[in-house]
Structures are given as C-alpha cells and as structure tokens.
Amino acid sequence: MRAVAAATATVSLRHFRSFPTIVPSLLFSSSSSLPFHSPRLCVFLRPRQLFLNRPLAASFSSSSSGATSDSTYDVIVVGAGHAGCEAALASARLGASTLLLTLNLDRIAWQPCNPAVGGPAKSQLVHEVDALGGDIGKVADRCYLQKRILNVSRGPAVRSLRAQTDKREYAMEMKKIVDSTENLCIREAMVTDIIVGKNDNVEGVATFFGMNFYAPSVILTTGTFMSGKIWVGKKSMPAGRAGESASQGLTENLQKLGFETDRLKTGTPARVDRRTIDFSNLEAQHGDEEVSWFSFDPDFHIEREQMCCYLTRTTKITHQLIRDNLHETPTYGGWVEAKGPRYCPSIEDKIVRFKDKESHQIFLEPEGRDVPEIYVQGFSTGLPENLQLPLLRSLPGLENCSMLRPAYAVEYDYLPAHQCSRSLMTKKIEGLFFSGQINGTTGYEEAAAQGIISGINAARHADGKKHVVLERESSYIGTLIDDLVTKDLREPYRMLTSRSEHRLLLRFDNADSRLTPLGRELGLIDDRRWKLYQEKQARISEEKKRLKTVKISVAVGDLAAEVSSVSSQPVKESATLESLLKKPHIHYKLLEKHGFGNETLSRMEKDCVEIDIKYEGFIVRQQNQLQQMVHQQHRRLPDDLDYYSMTTLSHEGREKLSKVRPETIGQASRVGGVSPADITALLITLESNRRRTQDVKRGKILEHALAESNPQWVEDREHVVNE
Amino acid sequence: MVNLLSFRSVGVHLLRHATPIITRGGRISRPISKNLCFVLFSSSPKTSLLKPRAASSEDNSLVFKGDERVVGLLGKVVDDAFDNVDRFQSSSTIVAIVTPIGGPPGAVGIVRLSGPKAVEVARRVFRSAKKRKKKDSDSDSWRPKSHFVEYGVVVDSNGNVVDEVLAVPMLAPRSYTREDVVELQCHGSQVCLRRVLRTCVEAGARLAEPGEFTLRAFLNGRLDLSQAENVEKLISAKSSAAADAALEGIQGGFSSLVKSVRAQCIELLTEIEARLDFEDEMTPLDIESVINKINSMSEDVESALDTANYDKLLRSGLQIAIVGRPNVGKSSLLNAWSKSERAIVTEVAGTTRDVVEANVTVRGVPITLLDTAGIRETNDIVEKIGVERSETAAKVADVIIMAVSAVEGWTEEDTELLRKIQSDKPMILVMNKIDCAPPSSCDQLEDQRKKEEVFHKSVFTSAVTGQGLEELEDAILEILGLDRVPTGGHQWTVNQRQCEQLVRTKEALARLREAIEDEIPIDFWTIELREAALALAQISGQDVSEEVLSSIFAKFCIGK
C-alpha cells in the first residue's frame with residue numbers, strides 16, 4: 001500500500017525529464033557525495049540557472065495520469081514551526097515547488113515557550129540565517145517588544161542581541177511571508193507515513209485522512225509533536241503543545257524504515273495575568289536605547305516602542321513548597337524518564353541540585369502588546385496544577401496573581417541525528433531530511449538554522465544538484481550540524497558560544513561577509529540585497545584604508561591628548577588613526593567626537609571597522625591556526641569504509657565510526673570514543689588503500705597503453721607514471 | 001577509483017571542465033579518453049593550467065573561505081591552505097633526537113625537525129657562522145639551501161649559545177618525510193642533545209611521538225606497504241600505554257603540577273564561559289581573583305621550569321617495581337637496597353598499603369624503586385586499593401622485580417600473581433630470605449625460574465644481611481645492557497612530554513597576562529586559557545569544550 005506504483009513511475013519520469021540526455025538509473029543516485037563549487041570555480045551555479053529546470057512539476061503533472069497537480073511537488077516540508085518555515089521558504093525561493101504541511105494553520109512559527117529570539121550564540125545563528133537569506137531575523141526585527149545587547153564589553157565574539165517578541169504578531173508576520181511566497185503552498189494535514197521507493201528513496205508522504213502527497217524531497221520538522229505527550233503533575237495527555245493534538249503513527253513507521261528513535265523532555269513555565277502583578281517593587285529591565293538588529297537588511301530596521309521585563313526571585317516559601325511536594329513532580333516522582341536539558345532545568349531541579357542557593361532569579365517577560373500574558377522565565381515545573389498557583393504566589397510581586405496557563409512538561413520522540421549526514425539528509429532514505437527538534441535540539445534559532453540548510457538541500461536534491469554542507473569552522477550553523485550528526489547527544493542541544501572552537505572568527509558582525517556570498521551563489525540573495533552587501537563591504541574596506549593612512553599630529557588638536565589619557569598609553573608623533581584605535585579603551589566614537597570619523601557609515605559598519613582593526617592580531621592568529629588544522633580536518637573519508645575490518649582501530653573506535661560514518665577526518669576525530677591513535681590508524685589505512693588502488697590502476701593503464709601500437713606513446717607515459 | 005580521484009585532484013579538475021557527469025560516489029560514468037588517462041597520473045605541477053583544486057572539485061562541501069573582510073589581512077595564504085585538502089599535510093612541526101641515547105655517548109648526535117615550520121624553527125635557533133661574519137647576526141636571515149651543510153651554533157631565546165652544530169636542511173619533497181626537514185648535528189653528549197631539543201621545543205616544535213617521522217614518510221607516499229604495518233604496530237602499542245589512565249597515579253616528574261594547572265585552567269574557563277553564555281543569570285565575575293589565579297598559575301609553571309633541574313629530571317632514569325605476595329620481604333629489600341628506612345617493615349603480612357618510592361644509583365644510573373603492597377585477594381578496602389596500585393606500578397615500571405620467599409619456595413599464589421603482572425618487560429626473580437631458607441628450596445626455585453621462561457635472571461638475596469644486592473644490581477645492568485635503553489626508559493619520556501606541555505602553557509599564560517595588561521576584553525582570555533588547557537591535556541585532542549560545559553552545569557545553577 002505504501003509505495004504507490006503510479007508514484008514510482010512518475011518520479012522516475014520526472015528525473016528523466018530533468019536530464020533528458022542521460023541514463024535514468026544513474027541519475028537516481030546523484031546525491032550528497034557530489035562536489036559543491038567554490039565561488040571562483042562555480043560553473044553550474046549561477047542563480048539564473050537555478051530556474052532552468054523549474055517548469056518541472058508543472059510539466060510533469062500535465063503529462064501524468066495517476067496524480068493531480070495538487071499532490072505532486074518538488075519538496076514537501078512537514079511541520080510549520082521555525083525549522084519548517086525557513087526550510088519551506090528557502091526551498092520555494094530556490095524555485096522548487098514546495099508544499100508546507102502543518103497540523104494547524106493558525107500556529108505557524110509559533111513560540112510555544114519563551115517569547116524571545118537571540119541571546120549568546122543563538123543570535124549568531126539568527127544573523128547567519130539572515131545572511132543566507134532566511135527570515136527569522138527579519139520577523140524578530142519586526143515584532144520585537146524589547147531588545148538588548150548582551151556581553152557588550154566582553155569581546156566582539158560573544159556580544160549578542162536578544163529580542164523579546166510578540167508571539168502572536170510573530171506568527172502572523174511569518175504566515176504573511178509564507179503566504180506571499182511564490183512556489184509555496186501550505187495545507188493542514190497530519191503526516192503519518194513516509195512513502196519510500198524501490199531504491200530507498202523518498203517519494204512522498206501519506207496523511208491521516210488518506211491523502212498522499214508526492215515529492216522527491218521530504219523534510220520532517222515535527223518539533224515536539226511526534227508522539228508528543230504533555231504532563232501536568234501526574235496527569236498526562238497526548239499533545240504536541242497544550243491544546244494541540246500530537247502526531248501519531250509517524251514514529252512507528254520511521255522505526256519500520258530502520259530509524260532509531262529516542263525520547264526527550266522539555267517544559268514551559270506558567271503564564272500569569274499582567275494585570276494581577278504588582279510591579280511596583282520589582283526591578284525593571286529596560287531595552288537598549290540604541291536598538292540593534294538581527295537582519296542585515298536595512299528595510300527591516302524599523303524602530304518601535306519597547307516594553308519592560310521585570311525581575312523577581314524565589315523565596316523561602318517557594319523552596320519549602322517544592323521540597324514538600326517533590327514526590328508530586330514527574331522527575332522525582334519517577335514517572336517520566338526522558339531527559340531534560342541541563343541548561344533549562346525545572347525549578348525543582350534547581351532547588352534540589354543547588355541546595356545552598358537561597359534564591360533563584362525569575363524573569364517576567366511580556367508575551368505581546370495586546371495580551372495580558374506574562375511568561376515566568378526560569379520557573380518551569382512539573383508540579384500538579386493545584387500547587388502551581390500557590391507556588392507562583394510565593395514570588396514577590398505575584399502575591400495576588402492569577403494564572404492563565406499552567407506550566408507543563410512535554411515528552412516527544414526524536415531521531416538521534418547521527419542518522420543524518422551533514423546536509424541533514426538521512427543516510428538511510430535518500431531525499432528524506434530531518435530538521436529542528438526532531439534532531440534533538442531546542443530553541444527557535446537552532447531550528448531555523450537547520451531549517452534553512454535542509455530547505456536548500458531538499459530543493460537542490462529535487463533538482464539533481466549537489467548538496468551544500470557548511471563546515472564546522474564556517475559558522476555556528478556548521479558547528480551545530482556537525483555536533484548533531486557527530487556526537488552522541490542524549491539531551492536537547494542548545495547552541496552556546498563555548499561549543500565553537502573558533503568563535504572569534506564567527507561573530508555577529510561578520511555573519512554577512514562569511515555567508516552572504518554563499519547565499520548569493522545559491523540563489524537566496526536577490527540583486528538588491530547583494531548590492532547592499534557589496535556596498536557595505538566596500539565602505540568598510542575604504543574606511544579601514546583611510547584609518548591606516550590618516551595621521552594626526554600630537555601637537556594639534558585634543559584627540560591625541562584624550563587618547564593617551566583614556567588608554568594611559570603615550571601617542572607617537574604622527575600616529576595613524578588605526579594605531580590609535582588599537583589602544584585599550586579607544587573606540588571609534590572617540591575619533592568621531594574629534595571629527596576624525598566618517599559620518600556616511602552606519603553604526604554597524606563602524607563596529608565592523610573597529611573590530612577588524614582592534615583585534616586584528618587575534619583574528620589573524622586564529623585564522624592561521626584554523627588554516628593549519630583545515631588541511632587534515634577536511635580530508636574526506638570514502639563512503640564505503642569498512643571500519644570493522646580495520647583491526648588497528650580500537651574496538652570502541654570501530655563501533656562508533658561504523659555508527660556515525662563520518663564524512664571527513666575532522667568529523668571522525670570528533671566522534672566520542674575515537675582516540676587520536678585511531679585517527680592515525682585511519683590515515684594509515686587510507687594511504688594503504690590509496691596505494692593499492694593506484695597500483696591496480698597503474699597496471700591497467702600500462703596494459704591499455706601496451707595495447708596501443710605506438711611505442712613512443714608508451715614510453716612517454718611510463719616516464720610520467722614513474723615520476 | 002574513488003580514492004584515486006581524491007588524491008589526484010588534477011584529473012578531476014580536468015574532467016570537470018570536460019562536462020562532468022558524476023554519479024554518486026564520485027564515479028565517472030564516461031569512457032575516459034586516452035588523453036585523460038594520461039593526465040590522471042601526472043600530478044606534475046609543471047603546467048600551470050593543471051593547478052590542483054581538490055577542495056572544490058571533489059568535495060561537496062563549503063570550506064570556510066574566511067570572511068571576505070579578513071581575506072585581505074591574510075592574503076594569498078588562505079587560498080593555498082584551503083585548496084588541496086585531500087593531500088596529507090601535517091599541521092605541526094615535530095622534533096626529536098634521532099640518534100640513540102641512554103648508552104655511552106656517541107661523538108655526534110642528531111636532532112631532527114620535520115614539518116611545515118621546520119625552517120622557521122631552525123631559523124629561530126640556528127645561527128649560521130657564515131652570516132654572522134658578514135652581517136653581524138641578522139636574526140631572521142638564514143635561508144637554507146637544500147642539501148647543503150652549514151656550520152653554526154644553536155642559541156636559546158636569550159641568545160646564549162647552546163651547542164656548536166652542523167645544520168642539514170632537506171627541503172620538501174626531497175627528504176625522508178617529504179616535508180621540510182632540518183637536521184642539527186650536535187655533540188653527542190646527552191646534555192647537549194637535550195638542550196638543543198628543548199630549544200627547538202621552545203621555538204615552536206612539538207616533540208615527535210614514537211615512529212612519527214616514519215608515519216609522516218608513509219602518509220606522504222614514501223616507504224612501502226609492509227613498512228606501514230610496522231608503523232601501525234608502533235602507534236597502537238603506544239596508544240594502549242598512553243590511554244591507560246591507571247598510569248597517571250604514580251607518574252613522577254611534573255605530573256602533579258601538570259594536572260593541577262590544567263584543573264585551574266578549566267576552572268577559570270568555567271567561571272568565564274558561564275558568564276559569557278549565561279550573562280544575566282550569573283553574579284558578576286570577580287576579575288581580581290581571576291587575575292590573581294592566572295598570575296599564581298603562571299608563576300608556578302615558570303618556577304617549575306626554571307628552578308627544577310631540567311636535565312636531572314630528564315635523566316631520572318629507570319623505574320623498578322618490586323612486587324610479590326605479602327610478607328616476602330619486599331619492603332626490607334627496598335630498605336636494604338636504598339640503605340634507608342623508607343618503608344615500614346613488620347612481621348604482619350600486608351603492612352605496605354601504598355607505593356613507596358626510594359632512589360638508588362646503580363653505577364651512575366638513577367633508579368627509582370617502587371615498593372608495593374603485597375598482591376593477594378583481600379577484603380580490606382585500603383589494602384585492596386594498595387593491591388591495585390601495585391599492579392599499576394608493575395605496568396609503569398621499566399623493570400619488574402618479583403620477590404618470592406626462599407623459605408616458602410614457589411607457591412600457587414606466585415603462579416597466579418605472575419600471571420597477573422606478566423608483560424614483555426624485563427623481569428627478575430628475587431628469592432629473598434635466603435639466610436633462613438634450606439638449600440633445597442633454592443633448587444626448587446631455580447627450577448621454577450627455568451620453567452617460567454619470563455624471568456631473565458634470578459638472584460638470591462637476603463635483605464637482612466645484604467647478601468645478593470650487588471648481584472641484583474649486576475643483573476639489572478646486564479638485562480638492560482645500557483645500550484638497550486633507547487630513549488632512557490618510560491620515566492624519561494614522561495618527563496620530557498610534561499616539560500613540553502609546561503613550555504606551551506608558559507607561552508599561553510604569558511600571552512594571557514599581556515592581554516590582561518592591555519585590557520583586552522575577557523572573551524580573549526579564554527582563547528589563551530583554552531590553549532593552555534589543550535597543551536596540558538593528558539591525551540592530545542581532549543575535548544576542552546565539553547569538559548568546560550559539564551563543569552559549568554555542575555557548578556552553576558543556570559537556565560531559565
């Protein structure tokens with residue numbers, strides 16, 4: 001029943017059509033192992049060409065008899081959360097006819113937990129998605145309630161932006177974008193099965209009410225919905241989020257296909273009514289006066305009025321209440337086993353694990369401009385509902401609060417991501433991609449980051465193009481995906497700056513210069529955006545040149561005097577502006593103050609200039625280290641290595657490498673349980689294999705050559721071979 | 001074919017230009033023309049048209065091309081570095097003494113450098129005599145001419161002459177490893193060689209692992225396949241020893257310092273990183289105390305390196321473990337041998353609970369004796385730990401002395417114990433308490449030794465009278481046959497590595513203090529701390545990030 005015969009035929013036909021000249025059986029397998037081309041060498045990849053094969057779905061549907069045009073697409077995205085939306089948008093913008101399936105049309109890009117985007121490392125993800133042409137940054141810029149820069153003075157690599165967002169507005173804005181994007185259809189459906197073809201390739205999805213949709217690429221972004229179950233105290237019900245039904249049946253069918261699934265847990269705190277909180281004695285947290293932006297696109301830099309967050313603390317009563325009722329919580333009562341994240345502990349976890357801490361900070365964050373709901377950050381709990389209100393009321397300011405929604409925990413199925421390659425396509429089923437929480441991550445930003453990559457690759461896959469992989473050191477997105485597919489993660493994964501070995505190179509300010517050229521090459525950055533980008537880079541580089549050449553005289557003007565007093569370092573006669581900027585505590589603003597700035601630059605551009613100059617030494621050093629490492633790290637491993645037969649590897653190494661099947665030496669070295677000695681052994685095996693193949697090949701070629709009658713030709717060749 | 005392509009990028013490059021039809025797995029599904037066959041095997045860089053572009057042709061991925069803004073800073077280097085990733089290229093430059101040491105000194109000893117920075121390191125340590133006359137020590141000007149010997153001196157970072165040497169540069173690919181190699185021919189004395197070695201380490205080279213030159217030679221296309229097997233054996237033997245965490249406990253030298261400095265680095269990283277990733281949930285960082293910790297840490301490291309007599313430590317020769325059943329007189333033997341009361345001796349079996357060390361010198365070779373708890377099945381928890389340590393001691397020692405009681409003769413337990421500690425290390429059977437044993441038991445023991453072929457020697461001793469100790473010393477020297485201690489034994493290697501780790505740490509901490517002085521933001525501190533922690537890793541490649549994260553979550557209440 002599953003693999004509908006008509007569909008099989010139609011899919012191969014589709015491939016056939018897109019490559020009219022070539023044998024279809026070969027085409028089927030064109031996939032992840034194909035090279036991607038660097039900008040300089042890009043031959044196939046000009047954006048114009050991306051659309052060449054586009055009439056594909058349309059032309060196919062008119063010529064087929066089995067299915068209607070409504071059920072056949074290039075890419076199907078299952079789930080319209082933060083991963084699903086980015087995936088669908090990227091895919092549609094690349095020209096693939098895309099179908100976005102969701103359980104509920106009114107809950108697109110919903111923020112079921114904290115109403116915020118960004119924070120350390122997460123904001124870098126948002127900037128990177130934006131640099132590639134994604135939308136999370138734009139929507140967050142449009143719907144913010146408050147914005148703050150964190151880690152202002154702790155170094156450019158950890159500086160990060162966080163926005164409180166209006167969750168309803170956020171969902172609406174994203175829906176508007178999704179609705180108005182060409183090539184993108186959206187529809188309500190519960191996907192219950194994956195339709196798989198003869199060659200272990202995906203052909204489409206089957207839905208609960210019996211409808212089938214067909215596409216050569218399918219992206220699953222099921223979030224917390226796959227066999228989701230929510231808990232309040234001892235009560236539980238199947239649900240993906242409170243009030244939304246879970247998706248049933250898909251897990252079992254994925255297991256039948258041979259996928260390993262596991263279960264994770266996370267939770268969300270209660271929401272209280274703003275009107276019942278007494279803010280008068282609470283510490284207020286205001287937004288930045290000078291607002292910063294996620295998106296590199298100035299069209300989205302529209303300032304709006306900001307709202308306040310508030311700070312309160314747990315009290316002795318809170319702690320007592322929890323200690324007295326620990327047995328009522330799922331974790332300590334022992335009826336939920338799935339693991340929750342370490343960095344998102346429930347309030348009972350905090351109190352049990354950190355007994356000595358007398359009080360914990362609790363943040364009160366607005367969920368929107370027009371709704372009274374307040375998100376009680378840091379207060380998620382598994383306690384039964386009847387205890388939750390007394391618990392909330394133990395917090396200063398909330399003594400008389402009324403609770404609008406109870407806190408709950410949610411358990412859901414995920415697929416350990418070592419089953420995906422770095423393109424996010426599964427290793428088992430060709431054309432099937434996983435993104436977001438299904439891969440064991442948490443957070444909207446992490447989801448969006450995976451979404452855009454899987455969207456790009458799904459569209460390219462449907463089009464018979466090579467997949468794109470972001471290397472670990474290229475971006476936080478690359479780091480995230482590399483960690484997911486390489487390490488054996490058994491708790492929800494959250495991005496942190498400390499996860500990146502070279503974070504100094506992966507800053508918010510250079511996300512565009514790292515990734516926008518790639519976005520352009522892929523076809524996600526339009527001409528307007530590209531022009532803006534190029535102009536910006538030109539201005540930055542001009543300004544750096546200017547600062548290098550303009551010299552000031554110590555005798556004239558106050559700049560030199562102020563610089564030496566602020567930095568407590570002497571200023572040399574006729575020092576360049578660049579050398580001044582390198583001194584401690586000297587910022588671009590000081591140059592401006594004395595009339596040595598450049599008013600045509602935006603604040604962001606000035607930041608870029610300052611960072612490039614001030615930290616040049618460190619940046620160059622890191623870059624050099626990276627460069628040394630890259631030689632070996634990027635060396636590719638053949639797909640068909642039989643690790644079990646490599647007796648020089650440790651047993652654990654053999655087992656883990658067989659499981660993860662890394663794509664490069666660098667990835668192999670990051671697999672848990674693989675020692676440096678294993679890597680050496682692996683290198684030796686590779687070299688031995690290479691020589692054996694070479695010997696065989698050499699023999700064949702010589703034979704071939706001898707068969708030729710021209711003796712001169714043979715001699716020449718031997719000369720070359722023996723060199 | 002797949003492999004072939006990845007290593008011979010030239011061919012692929014051409015193919016790509018000739019309408020690439022590539023299927024999964026990178027196979028070429030197109031009849032290869034004669035012409036192409038030809039090119040596939042010429043990796044010759046002669047024709048500029050064929051410049052390899054492996055990264056972009058065979059790879060399906062995007063390499064970090066750097067950020068467009070920074071490319072200018074680095075210039076062309078970036079390009080070269082990111083192409084050609086499929087070739088083997090080591091990132092580090094290694095150094096080692098390649099002539100045998102430990103035996104009687106030869107007239108000449110050789111220190112070999114190999115790797116991308118071999119010339120750079122050599123430039124830092126080598127002053128050519130020729131140049132000095134002409135231009136009065138222009139420090140960076142040594143331009144090696146491949147395969148030309150030059151006479152000069154090795155100087156340390158302060159400019160002090162370390163040794164008079166001949167430098168033999170062999171530039172890539174015309175060298176053993178096919179990398180840039182510089183060999184420094186020094187005077188053969190160990191002190192000279194080790195000083196030169198240390199100077200190279202300080203100048204940025206890393207100590208070579210056993211067999212690493214050969215490994216590189218192989219990975220770069222030299223040697224034949226059968227030789228590779230030997231390399232593999234060497235590597236795996238080494239890793240099993242290094243990975244044995246049990247060894248850590250009783251390794252001497254700097255090991256406790258290395259451990260404690262590493263722990264401090266991780267602790268500081270934890271404090272700082274927690275603030276960076278969870279800014280608003282943490283109490284502010286006590287910068288003062290962080291700076292104090294960093295200062296005291298770097299003082300520790302510096303004083304350890306400066307005051308500890310490096311050469312003496314390096315020469316701290318052999319470790320000999322004395323093992324045996326309880327109450328066969330191991331401790332008495334140690335006391336008698338070291339002429340001290342180092343170990344407590346009683347009639348009670350199981351008196352020694354821990355490893356007791358004593359130092360003796362045998363004909364000028366310093367030896368550390370490890371007296372161990374008697375090995376037996378026991379329920380006493382303290383004794384049990386002692387027994388485990390005894391077994392570990394047997395593992396780390398360079399020579400094992402198994403003591404049995406001549407009074408009781410060879411017993412079942414002895415057989416059992418022997419099975420436990422047996423290894424390929426030299427073992428000596430010591431029959432103690434000979435003064436109170438009947439001659440018959442001696443014969444029985446001698447027979448036993450012949451039966452158990454693992455013992456290289458057997459000696460009859462009496463710890464009480466001192467009888468047989470000289471013979472024991474002779475036995476040790478004979479077994480080792482001084483020339484058979486290739487690199488000075490296990491302890492020597494351990495010290496050597498730890499010293500290198502501390503040198504790296506010292507550098508990182510010096511940069512860190514500089515950054516603090518320049519009031520560079522706190523994020524930059526973590527770069528140096530990470531480097532220090534990495535340098536101090538017990539096994540290279542340890543994941544600092546994960547360790548710091550675990551430590552953060554264990555230590556702080558974080559998360560909303």
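A note on names: the letters A, B, ... follow the listed sequences, proteins ahead of strands, and every chain is numbered from 1.
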Checklist entry - Are there more than 12 heavy atoms of other residues, nucleotides or ligands under 6.0 Å from atom NZ of A:Lys614? => result yes
Checklist entry - Which answer fits B:Ile272, side chain, backbone, both or neither, if we ask what part of it has an atom under 4.5 Å from a heavy atom of chain A? => result neither
Item to check | Heavy-atom contact with chain A under 4.5 Å, split by part of B:Glu528 | outcome: side chain
Next on the checklist: Please find the pair of heavy atoms, one from A:Ser153 and one from B:Pro521, that lie closest to each other, and give the distance.
Outcome noted: O-CB, 3.6 Å
Checklist entry - Quick one: what part of A:Leu504 sits under 4.5 Å from any heavy atom of chain B, side chain, backbone, both or neither? => result side chain
Next on the checklist: If I measure from the heavy atoms of chain B, does A:Arg472 come under 4.5 Å with its side chain, its backbone, both, or neither?
Outcome noted: neither
Item to check | Residue part contacting chain A, namely of B:Leu269, when any heavy atom lies under 4.5 Å | outcome: neither
Item to check | Gap separating the CZ atom of B:Arg216 from the OG1 atom of A:Thr680, nearest 0.5 angstrom | outcome: 10.5 Å
Item to check | Heavy-atom pairs under 4.5 Å with chain B, option from A:Cys608, A:Ala157, A:Gly119 with the top count | outcome: A:Cys608
Checklist outcome for this item: Scanning both residues in full, the closest heavy-atom pair of A:Leu683 with B:Leu219 reads O-CD2, 3.4 Å
Checklist entry - Given a strict heavy-atom distance threshold of 4.5 Å, which part of A:His585 is in contact with chain B: side chain, backbone, both, or neither? => result side chain
Checklist entry - By a 4.5 Å heavy-atom criterion (distance strictly below it), what part of A:Asp509 contacts chain B: side chain, backbone, both, or neither? => result both
Checklist entry - Under a 4.5 Å cut-off applied to non-hydrogen side-chain atoms, are A:Pro120 and B:Phe278 in contact? => result no
Item to check | Electrostatic pair A:Arg499-B:Glu273, nearest N-O below 4.0 angstrom | outcome: no
Next on the checklist: Would you call the rings of B:Phe524 and A:Tyr615 parallel, tilted or perpendicular, taking 30° and 60° as the class edges?
Outcome noted: parallel
Checklist entry - Run the salt bridge (charged side-chain N to carboxylate O under 4.0 Å, His left out) check on B:Glu519 and A:Lys583 step by step: do they pass? => result CA-CA 9 Å; B:Glu519 300 181 54; A:Lys583 291 185 187 297; over 6 Å; no
Next on the checklist: At a 4.5 Å cut-off on heavy atoms, which part of B:Ser92 comes close to chain A: side chain, backbone, both, or neither?
Outcome noted: neither
Next on the checklist: Run the side-chain contact (heavy atoms from CB on, under 4.5 Å) test on B:Arg511 and A:Phe618 for me, step by step, so that the C-alpha distance in whole Å, both residues' side-chain angles and the decisive distance to 0.1 Å come before the verdict.
Outcome noted: CA-CA 11 Å; B:Arg511 283 195 301 269; A:Phe618 285 91; over 6 Å; no
Checklist outcome for this item: Ranked by heavy-atom pairs below 4.5 Å to chain B, first place among A:Gln633, A:Gln537, A:Arg503, A:Gln285 goes to A:Arg503
Item to check | Interatomic distance, B:Leu276 atom CG to A:Arg154 atom CZ [nearest 0.5 angstrom] | outcome: 6.0 Å
Checklist entry - Could A:Arg159 and B:Asp523 be called an ion pair, given the rule that one side-chain N must be under 4.0 Å from one carboxylate O? => result no
Checklist entry - Is there a donor-acceptor pair closer than 3.5 Å between any side-chain N or O of B:Asp277 and the backbone N or O of A:Leu496? => result no
Checklist entry - Measuring heavy-atom distances to chain A, does B:Arg530 have an atom under 4.5 Å in its side chain, in its backbone, in both, or in neither? => result side chain
Item to check | Chi angles and distances behind the side-chain contact (heavy atoms from CB on, under 4.5 Å) call for B:Ile527, A:Arg621 | outcome: CA-CA 11 Å; B:Ile527 296 176; A:Arg621 199 174 109 217; 4.0 Å; yes
Checklist entry - Which answer fits A:Ser498, side chain, backbone, both or neither, if we ask what part of it has an atom under 4.5 Å from a heavy atom of chain B? => result both
Checklist entry - So which of A:Asn114, A:Thr516, A:Val158 has the largest heavy-atom pair count under 4.5 angstrom toward chain B? => result A:Val158
